[in-house]
Number of protein chains: 2
Amino acid sequence: MSANSRLTIAAHTLAWIGLYQRQGHDVATSEQIATSANTNPVVIRRLLGELRKAGLVESRRGVGAGWSLTRELESITLLDVYDAVEPGPLFAMHRATPDQGCVVGYGIRPAMQHIYGGIEETLRAELARVTMEDVLLDVLAVPR
Amino acid sequence: MSANSRLTIAAHTLAWIGLYQRQGHDVATSEQIATSANTNPVVIRRLLGELRKAGLVESRRGVGAGWSLTRELESITLLDVYDAVEPGPLFAMHRATPDQGCVVGYGIRPAMQHIYGGIEETLRAELARVTMEDVLLDVLAVPR
DNA sequence: TTATGTCGTAACAATTACAGTTACGACCAC
DNA sequence: GTGGTCGTAACTGTAATTGTTACGACATAA
């Protein structure tokens, strides 16, 4: 699979902001988060823009600007993040329409869509079981 | 996600061969399968090569050559196919190493790997619940 | 032995997605 | 105003996937 790192970076971002706010800070900048994630601030701003669309964060502009959470980490699940930053389905269908004159070519797409649907439901349920609080606790539990 | 169609095309291929053999034929050619899937025979041969490595099919060469199943469809699960044709993990880590001086940057990778590990296990269990026989029955059940 | 049809595989092109980067206007606290 | 940050467009580099051409290897049958 040509897996991407969007969910990982988004989780990193939210965990970073959550911890930062617990340390008493008001807002976090994309610059700070990008340094932690070792990437470019624009990459972080793009992801944060999608998280904002999903209502998970908000941003302030001007001097002293930055990002803050709109919800507690406990109430944000990986499914929320996944839905916010992952566009498409897990498995793709044929690029070109299969031969509709062939029994298999005719039935394969609805059949696979049905099967994939069930599998994605299970994946979503599993993602929903993990909160960003769980992620942060896991992060902090890693021995140094 | 930049989802690919490998699992879909591989399932199509196995279902096609399985049905063809039930109709009394000995071997199927990549040409026939490619026509049904509306793609290039080389694409099918490449996938079949990986399925052969996994022991799911075998090939004959020479005149009257082609492909046949080594197992019944009932005993091939989508997990077998997935493992045969999908190389990497579902979710990727950061491209560049996060800042190891930052608490989050230090702990995020092991934490996410742990979480992703559990999720992938669930996905695998779900894929293992579906056999290629189920797929073919679903295909044949689609109303015309 | 030769002709034929298919596999096996390398090589390359086309397309797409992702991530990184630069640039610059918009915005707002001071 | 000044300065720092967001918001976003535009472009590049890289990699994966898929499609395509080409051709040797192989085995069967005439």
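The structure displayed is predicted, hence computed values, not measured ones. Note on naming: letters A, B, ... go to the chains in the order of the sequence lines (proteins, then strands), and numbering restarts at 1 for each one.
With sequence neighbours left out, the ring pair (Phe, Tyr, Trp, His ring centres under 6.0 Å) criterion links A:His114 to no other residue. Scored by the salt bridge (charged side-chain N to carboxylate O under 4.0 Å, His left out) test, B:Glu58 finds no partners at all (sequence neighbours excluded).
Across the protein-nucleic acid pair, B:Asn4 atom CG and D:dG19 atom P stand 11 Å apart, rounded to whole Å. Going from atom NE2 of A:His94 over to atom C1' of C:dT15 covers 19 Å, rounded to whole Å. Put simply, CZ on B:Arg6 is 6 Å from P on D:dT18, counting in whole angstrom units. Atom-to-atom, CD1 of B:Ile17 to C1' of C:dC7 comes out at 13 Å; the value is rounded to the nearest Å. Summarising the geometry, the separation between CZ on B:Arg95 and C1' on C:dT21 is reported as 12 Å, rounded to the nearest angstrom. To the nearest angstrom, P of C:dT6 lies 18 Å from CD of B:Glu58. In this entry the distance linking CD of A:Glu31 with P of C:dT21 reads 12 Å, nearest Å. Here C:dA19 presents its P atom at 13 Å from CE of B:Met93, a figure rounded to the nearest Å.
Placement of B:Tyr20 and B:Leu140 within a single hydrophobic cluster is found when ILVMFWY residues are connected by side-chain heavy-atom separations under 4.5 Å, directly or transitively.
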Inset, instruction - Before giving the answer on side-chain contact (heavy atoms from CB on, under 4.5 Å), spell out for A:His94 and B:Asn38 the whole-Å C-alpha distance, their side-chain angles and the decisive distance to 0.1 Å. - result: CA-CA 8 Å; A:His94 310 64; B:Asn38 192 9; over 6 Å; no

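Side chain of A:Thr122 to backbone of A:Gly118: a donor-acceptor contact under 3.5 angstrom is found. B:Thr131 places no side-chain N or O within donor-acceptor distance of the main-chain N or O of B:Thr77, the cut-off being under 3.5 Å.
Of all heavy-atom pairs between B:Ala54 and B:Arg71, the closest is O-NH2, 4.5 Å. When every heavy atom of A:Pro98 is checked against every heavy atom of A:Gly105, the shortest pair comes out as CB-O, 3.5 Å.
Using a 4.0 Å cut-off on heavy atoms, none of the residues of residues 98-116 of chain A approach DNA chain C. Within residues 34-50 of chain A, the residues approached by DNA chain C to less than 4.0 Å at the level of any non-hydrogen atom are A:Thr39, A:Asn40, A:Val42, A:Val43, A:Arg45, A:Arg46, in residue-number order.
We find that A:Arg129 and A:Glu126 are joined by a salt bridge, their nearest charged nitrogen and carboxylate oxygen being less than 4.0 Å apart.
For A:Arg52, a side-chain nitrogen or oxygen approaches OP1 or OP2 of D:dG7 to under 4.0 Å. A sub-4.0 Å separation between OP1 or OP2 of D:dT5 and a side-chain N or O of A:Ser59 is absent.
Comparing A:Ile9 and B:Ala28 by the nucleotide of DNA chain C whose heavy atom lies nearest to each, the residue mapping closer to the 5' end is B:Ala28.
In this structure, A:Arg124 fails the cation-pi test against A:Tyr82, since its NZ or CZ atom is not both closer than 6.0 Å to the six-membered ring centre and inside 45 degrees of the ring normal.
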Can you tabulate the close N/O pairs, meaning under 3.5 Å, that link protein atoms to atoms of nucleotides 27-30 of chain D?
residue	atom	partner	partner atom	Å
D:dA27	N3	B:Val63	N	3.3

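Residue A:Glu72 places its CD atom among 12 or fewer non-hydrogen atoms of other residues, nucleotides or ligands, all under 6.0 Å distant.
Applying the salt bridge (charged side-chain N to carboxylate O under 4.0 Å, His left out) definition to pairs two or more places apart or across chains, those involving residues 20-41 of chain B are B:Arg22-B:Glu74, B:Arg22-B:Glu133, B:Asp26-B:Arg60.
Comparing C:dC7, D:dT8, C:dC18 by their nearest atom to the side chain of B:Thr29 picks out C:dC7.
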